Amino acid sequence: MSFVIFGPPGAGKGTYASILASRLRIAKISTGDMIREEIKRDMDLGKKIVDFVNKGKLVPDDIVIEIVKEAINKSSRKNGFILDGYPRTIEQARALDSIGKIDAVIQLGVPEQVIIARLSSRRICKKCGAVYNLRFLKPKKEGACDACGTDLYQREDDKPEVIRARLRVYESQTRPLIDYYKDKAEFINIECNSVDIPPETIVRRILRELQEKNLIG
Ligand code: AMP
């Protein structure tokens, strides 16, 4: 099983990919998470990429492709993988083609006002990376992670001017991938046009469609 979860920033890719990965016992490969880990480590690579991320720009293809290849190789011991946040350019999609076939692209359609509402109130656990939302997915105790109790923070790139930059990048560099995959993979189209649809409901829809297309057992 090899899936790509695809959609604009704030579509919920990471949240749904986490649930799907644990249900299907496959690896979740999130380039955004891996990139944030690198930045946290503050070694050469992290220092080189931090500015791209904080300005809402894409990290150069050669760096991301290297990171993702390694992660896919490591995931080979699992049943497969779901890619979250990759590919984001045609170049990245071509690199992925050279590794193997993608079975399905799970495409999330989300209106812009939902994206902005989600991203501007998103908070992340400093330690385990769990995602909360001050409006729709509140932690039990204000400012602390339910799972590990660590402080929550707002991502630098979830600030309003950076959100706008990320949306522009999505439109110009990432959306064209829908055409790229048209004849290469099955498409599962999921519309999420309200902020308060519980993640479980969306995941159930995705699983149902994957089953209907015989992509999972
Ligand atoms: P995400 O968590 O997926 O929203 O990613 C956060 C940021 O990490 C993006 O805005 C980019 O700066 C960087 N990033 C994540 N995935 C990629 C990718 N596939 N290609 C280039 N940059 C990426």
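Order of appearance sets the numbers: ligands from 1, and atoms from 1 within every ligand. None of the values given here were measured: they were computed from a predicted structure.
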Item to check | Lys184 to Tyr180, cation-pi by 6.0 Å centre distance and 45° axis angle | outcome: yes
Determine, for [X] against [Y], whether the closest basic-nitrogen to carboxylate-oxygen distance falls under 4.0 angstrom.
{"X": "Glu70", "Y": "Lys74", "value": "yes"}
{"X": "Arg118", "Y": "Glu112", "value": "no"}
{"X": "Lys28", "Y": "Asp33", "value": "yes"}

Checklist entry - Members other than Tyr132 in its cluster, when Ile, Leu, Val, Met, Phe, Trp, Tyr link by side-chain heavy atoms under 4.5 Å? => result Leu152
Could you go through ligand 1 and list every pair where one of its N or O atoms sits under 3.5 Å from a protein N or O, giving the atom names and the distance to one decimal?
from: ligand 1; atom 1: 2 (O); to: Arg36; atom 2: NH1; distance (Å): 2.9
from: ligand 1; atom 1: 2 (O); to: Arg36; atom 2: NH2; distance (Å): 3.0
from: ligand 1; atom 1: 2 (O); to: Arg155; atom 2: NH1; distance (Å): 3.3
from: ligand 1; atom 1: 2 (O); to: Arg155; atom 2: NH2; distance (Å): 3.4
from: ligand 1; atom 1: 3 (O); to: Arg88; atom 2: NH1; distance (Å): 3.1
from: ligand 1; atom 1: 3 (O); to: Arg88; atom 2: NH2; distance (Å): 3.2
from: ligand 1; atom 1: 4 (O); to: Arg88; atom 2: NH2; distance (Å): 3.3
from: ligand 1; atom 1: 4 (O); to: Arg155; atom 2: NH2; distance (Å): 3.3
from: ligand 1; atom 1: 4 (O); to: Arg166; atom 2: NH2; distance (Å): 3.2
from: ligand 1; atom 1: 12 (O); to: Lys57; atom 2: O; distance (Å): 2.6
from: ligand 1; atom 1: 16 (N); to: Thr31; atom 2: OG1; distance (Å): 2.8
from: ligand 1; atom 1: 16 (N); to: Gly85; atom 2: O; distance (Å): 3.4
from: ligand 1; atom 1: 16 (N); to: Arg88; atom 2: NH1; distance (Å): 2.9
from: ligand 1; atom 1: 19 (N); to: Gly85; atom 2: O; distance (Å): 2.9
from: ligand 1; atom 1: 19 (N); to: Gln92; atom 2: OE1; distance (Å): 2.9
from: ligand 1; atom 1: 20 (N); to: Gln92; atom 2: NE2; distance (Å): 2.9
from: ligand 1; atom 1: 22 (N); to: Val59; atom 2: N; distance (Å): 3.0

Next on the checklist: One pair to check against side-chain hydrogen bond (donor to acceptor under 3.5 Å, both in side chains): Tyr153 and Asp158. What are the steps and the verdict?
Outcome noted: CA-CA 10 Å; Tyr153 78 104; Asp158 278 347; over 6 Å; no
